[in-house]
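To start, the structure under review is shown below, and the notes come after it.
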Amino acid sequence: MSDPLIPDLEALAAAAVAVRANAYAPYSLFQVGAAVMDETGRIHAGANVENAAYPQGQCAEASAIGVMIAAGGRRVLAAAVAGPDGVDCTPCGGCRQRLAEFAGPSVPVVICDTTGITARHTVASLLPHGFGAAQLDP
């Protein structure tokens, strides 16, 4: 295994692309996969899960973070989001906030598709002036 302090972004992107095929998106037909790397270097992947009652759906990033938490991970060192080829599938606002909860501002978030990594961001560039635990600290 590589050093968990230096995330393997290519492996993370490959995991996001692979899990995208498992997305449950019968309504939008917009399949998304996501993968996060935790503080031990483990990769956790999740896909979007739609529901006929639309607000009950779950984004791929939320799924991946949930898998990480269930496996005992607590920190995101890097994240990848995979959408359809040619689509700049960045996380929605809610998922940007979810990522900020478990990742520092400089954590890389790569956007990818079957051609590989297509864009590179950080949590801070996706969620400038984000709200977090620091604002709740008395």
Side-chain donor/acceptor of [X] to backbone N/O of [Y], under 3.5 Å:
| X | Y | value |
| --- | --- | --- |
| Ser63 | Ala47 | yes |
| Glu50 | Ser28 | yes |
| Arg74 | Ile69 | yes |
| Gln135 | Gly132 | yes |
| Arg98 | Ala62 | no |
| Gln58 | Asn48 | no |
| Glu39 | Gly73 | no |
| Ser125 | His121 | no |
| Asp113 | Gly86 | yes |
| Thr118 | Ile111 | yes |

Give me the atom names and distance for the closest heavy-atom approach of [X] to [Y].
| X | Y | result |
| --- | --- | --- |
| Thr90 | Arg96 | OG1-NH2, 3.0 Å |
| Phe30 | Cys89 | CE2-SG, 3.8 Å |
| Ala15 | Ala45 | O-CB, 4.3 Å |
| Val19 | Gly33 | CG1-CA, 3.7 Å |
| Ser106 | Thr122 | O-CG2, 4.0 Å |
| Glu10 | Ile117 | OE2-CD1, 3.5 Å |

Do Glu61 and Val81 pass the side chain to side chain contact (heavy atoms under 4.5 Å, CB included) test, and can you show the C-alpha distance, the side-chain angles, and the key distance before you say yes or no? CA-CA 7 Å; Glu61 300 89 333; Val81 181; 3.6 Å; yes

Within one Ile-Leu-Val-Met-Phe-Trp-Tyr cluster: Val87 and Val32, side-chain cutoff 4.5 Å: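 Same cluster: Val87 reaches Val32 through Ile, Leu, Val, Met, Phe, Trp or Tyr contacts under 4.5 Å.
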
ILVMFWY cluster, Val109 and Val36 together (side-chain gap under 4.5 Å):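 Linked, Val109 and Val36 end up in one cluster.
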
One pair to check against side chain to side chain contact (heavy atoms under 4.5 Å, CB included): Cys112 and Val17. What are the steps and the verdict? CA-CA 7 Å; Cys112 55; Val17 168; 4.1 Å; yes

With side chains defined as the heavy atoms from C-beta onward, is the minimum distance between [X] and [Y] less than 4.5 Å?
| X | Y | value |
| --- | --- | --- |
| Leu99 | Pro91 | yes |
| Tyr27 | Asn51 | no |
| Asp38 | Phe102 | no |

Would Leu12 and Ile43 satisfy side chain to side chain contact (heavy atoms under 4.5 Å, CB included), going step by step from the backbone distance to the final call? CA-CA 7 Å; Leu12 200 59; Ile43 293 175; 3.9 Å; yes

Please walk me through it: do Arg120 and Leu9 pass side chain to side chain contact (heavy atoms under 4.5 Å, CB included)? CA-CA 10 Å; Arg120 295 170 186 264; Leu9 298 177; 3.4 Å; yes

Thr40 OG1 to Met68 CE distance, which is reported to the nearest 0.5 Å: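 If we round to the nearest 0.5 Å, Thr40:OG1 and Met68:CE are 10.0 Å apart.
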
Approximate separation, where rounding is to 0.5 Å, of Cys92 SG and Leu126 CG: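 Reported to 0.5 Å precision, the distance equals 11.0 Å.
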
